Amino acid sequence: MIDSELKKHIAFAINKLYGQQILPEQLAVEPTKTDFKGDFTFVVFPFLKQSKKGPEQTATDIGEYLLKEFSVVSGYNVIKGFLNIELSGRFWFDFLIHNHNLNSFGFTPADGSSRVLVEYSSPNTNKPLHLGHIRNNLLGYSVAELLKANGHTVFTCNLINDRGIHICKSMLAWMKAGMKDTPENTGKKGDKLVGDYYVAFDKQYKAEMKALIENGMAEEEAEKNAPSMLEAQELLRKWEAGDAETISIWKKMNSWVYDGFDVTYKKLGVSFDKYYYESETYLLGKDMVKEGLDKGVFFTKDNGSVWVDLTADGLDQKLLLRADGTSVYITQDIGTAELKYKELACNKSIYVVGNEQDYHFKVLQLVMQKLGKPYATGIYHLSYGMVELPHGKMKSREGTVVDADDLIDEMIATATETTDALGKTEGLKEAELKQLNETIGLGALKYFILKVDPRKKMLFNPQESIDFHGNTGPFIQYTHARIRSVLRNAGAINAEELNRDELQLHEPEKKLLELLYQYPAAIKDAGQQMSPGVLANYSYEVAKAYNHFYHELSILKESNTHQRLFRIMLCTLTAHVIKSAFAILGIQVPERM
RNA sequence: GGUCCCAUAGCUCAGCUGGAUAGAGCACCGGUUUUCUAAACCGAUGGUCACAGGUUCGAAUCCUGUUGGGACUACCA
């Protein structure tokens, strides 16, 4: 990479000119800001001690040295302490010639030295997926792709929260309603059906609580003593005891939910290498808690409940097992962590989970450390911010939850309207048109969500998020389609015929080339930050630069055949980078739209 | 009470490992189509980077405090 080459030469220059040893890694060389002339900028301020000269003189010294000793440097200019280095056109032409047809451009090949597991989605089986899950799923998928692009060997998994009081609530409501509704006989999607029963339970429960409170019971007492709650807890005990009928109903209802989830996952384009089920890992977790007791890193309270003391780490005491011996949420996470490591032996285990669970994952990591697990340090919580609506948080009680399936359908419907209105899709078959609108609708949704830094909470405004202009997925998809159209018109080319000496580098071409050159760095940067948003915003920059180039210069009508060929190759690489970056984001890109 | 996160244009977001004049999109205003896809391009307007100190050649960026918002702190998940 040229920037590291520049660093080496600058370090050498400092040594030669001022007799000081500087490591190239200590230097910062960055792309020059667009308002200034030059390709890369080196800031000399930090090295004035070494040079014992003023900033302008120091920058000039180094610039002069580079110009003489480093052939790709064609010029330089100095503004205050900023040395702007200009590279020869030949450098940029060579870059394009070498990479325009390289499929792996920007990707680091996997060498097997790093194995990473990405857990995401991780739904409860009592409710359909909503907008929050969409962010989770898109992030998880994209981060996994991003890590693959950075040379990690990646596995994805989905930990299903299939047991616990929540599913018992849905089961109870269904049983009380006569145990007759099924997805088949109601025509409802399985997860929606089960979700409806969860709501039915909640309604009944609330009514009971209200009655109890009116009879003079304290709210806290009423919460615990409402008959529905007691029944649900009884059902959970029966489940843990392995009661045949309970297990059978549980299996039946969960399978409905899985069928429903599969439909949504498929629409979203996400998939998992492996599924874990809490029902299969919580017992292992219990064993490990006992292991911790034996080791003396956990302790028992008088009533028999098991705790870990994390006060030395700035946290509190945390419950690991209830007094009645049943497990809590973290118990199964302990078991799952162990199982994951046994099965996949990853040195890093990423949990894509909302930031409301920051505390939980701190506890988990500390618990695993106390258990002496070697993989404890590899636990990483990718903590993303909540999705909020214009009115505030989504609340199921207030009916402000944005359903995942509904949202996807709306986005596709809007895409369809726009496509029809523009009327550019003549000649496409029905199925192709449907495919195109799905691509655009999902592209809009995915890009809207992924362009935001995962760590930040984000606002989802249904009106604005379906915009297809500006910094949006469809704009970038459109740019790709536009390029593909040019390339189709260009027909086959022979890159061998290109003679660099016949070329001129114009400003829009150079801007675009500089951006394309940064693709590998963008992948690396996004990977290190685990932020697909970095790549999304990069893609947007590329699309913008291409459209500028497209508008300013003619491609196919250029009379100089070398220049024409060069521009076609520039189109090829641009299309590839957009397609490749969008693939990492999990967004497809159309040939025409 | 304790712990953690956040605050940048009217709105939504970049920029944050310290570097030049803080950038985009949307909205609003104006312009561009006999030319390879106008879902495009070009221009104008819009800022006390919450506030106050500090660190230094240099702070939106790092540190401290204040204010405002949010999350967590359940024998829920």
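Chain letters run A, B, ... following the sequence lines, proteins first, then strands; residues in each count from 1. The model shown is predicted, which means the values in this text are computed figures rather than measured ones.
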### Passing option when A:Met386 is tested against A:Glu356, A:Lys456, A:Met458 for side chain to side chain contact (heavy atoms under 4.5 Å, CB included)
A:Glu356

Tabulated below should be each protein N or O lying under 3.5 Å from an N or O of nucleotides 31-37 of chain B; please produce it.
| residue | atom | partner | partner atom | Å |
| --- | --- | --- | --- | --- |
| B:rU35 | O2' | A:Lys557 | NZ | 2.3 |
| B:rC36 | O2' | A:Asn489 | ND2 | 3.1 |
| B:rC36 | O2 | A:Leu556 | N | 2.9 |
| B:rC36 | N3 | A:Ile555 | N | 3.1 |
| B:rC36 | N4 | A:Tyr550 | O | 2.7 |
| B:rC36 | N4 | A:Leu553 | O | 2.7 |
| B:rU37 | OP1 | A:Ser485 | OG | 2.6 |
| B:rU37 | OP2 | A:Ser485 | OG | 3.1 |
| B:rU37 | O2' | A:Tyr478 | OH | 2.3 |
| B:rU37 | O2' | A:Arg482 | NE | 3.0 |
| B:rU37 | O2 | A:Lys424 | NZ | 2.9 |
| B:rU37 | O2 | A:Met593 | O | 3.4 |
| B:rU37 | N3 | A:Met593 | O | 3.1 |
| B:rU37 | O4 | A:Ala481 | O | 3.3 |
| B:rU37 | O4 | A:Met593 | N | 3.3 |

### Query
Counting any heavy atom closer than 4.0 Å, what does A:Glu278 reach on the DNA or RNA strands: base, sugar-phosphate only, or nothing?
sugar-phosphate

Could you go through nucleotides 1-3 of chain B and list every protein N or O atom that sits under 3.5 Å from one of its N or O atoms, giving the distance for each pair?
none

### Query
Hey, does A:Ser383 reach any base, or is it just sugar-phosphate, or nothing, if we go heavy atoms under 4.0 Å?
nothing

### Query
Ignoring hydrogens and angles, does a donor from either the side chain of A:Asn84 or the base of B:rA20 sit under 3.5 Å from an acceptor on the other?
yes

Please tabulate the protein-to-nucleotide N/O contacts below 3.5 Å involving nucleotides 10-16 of chain B, giving atom names and distances.
| residue | atom | partner | partner atom | Å |
| --- | --- | --- | --- | --- |
| B:rC13 | OP1 | A:Leu459 | N | 2.6 |
| B:rA14 | OP1 | A:Asp453 | N | 2.6 |
| B:rA14 | OP2 | A:Lys456 | NZ | 3.2 |
| B:rC16 | N4 | A:Lys456 | NZ | 3.1 |

### Task
With sequence neighbours left out, write down each residue that passes side chain to side chain donor-acceptor pair (under 3.5 Å) with A:Thr561, or none if nothing qualifies.
none

#### Entry: Intra- and interstrand pairs of RNA chain B - dot-bracket, Watson-Crick/G-U under 3.5 Å, | marks other strand
(((((((..((((.....[...))))..((((.......))))......(((((..]....))))))))))))....

#### Entry: Ion pair A:Glu25/A:Lys7, N-O distance below 4.0 Å
no

#### Entry: Whole-Å distance separating the CG atom of A:Leu321 from the P atom of B:rA74
17 Å

### Query
Is atom CD of A:Glu86 surrounded by more than 12 heavy atoms (other residues, nucleotides or ligands) closer than 6.0 Å?
yes

### Query
Can you list, by residue number, the residues of residues 38-52 of chain A that have a non-hydrogen atom closer than 4.0 angstrom to RNA chain B?
A:Thr41, A:Val43, A:Phe45, A:Pro46

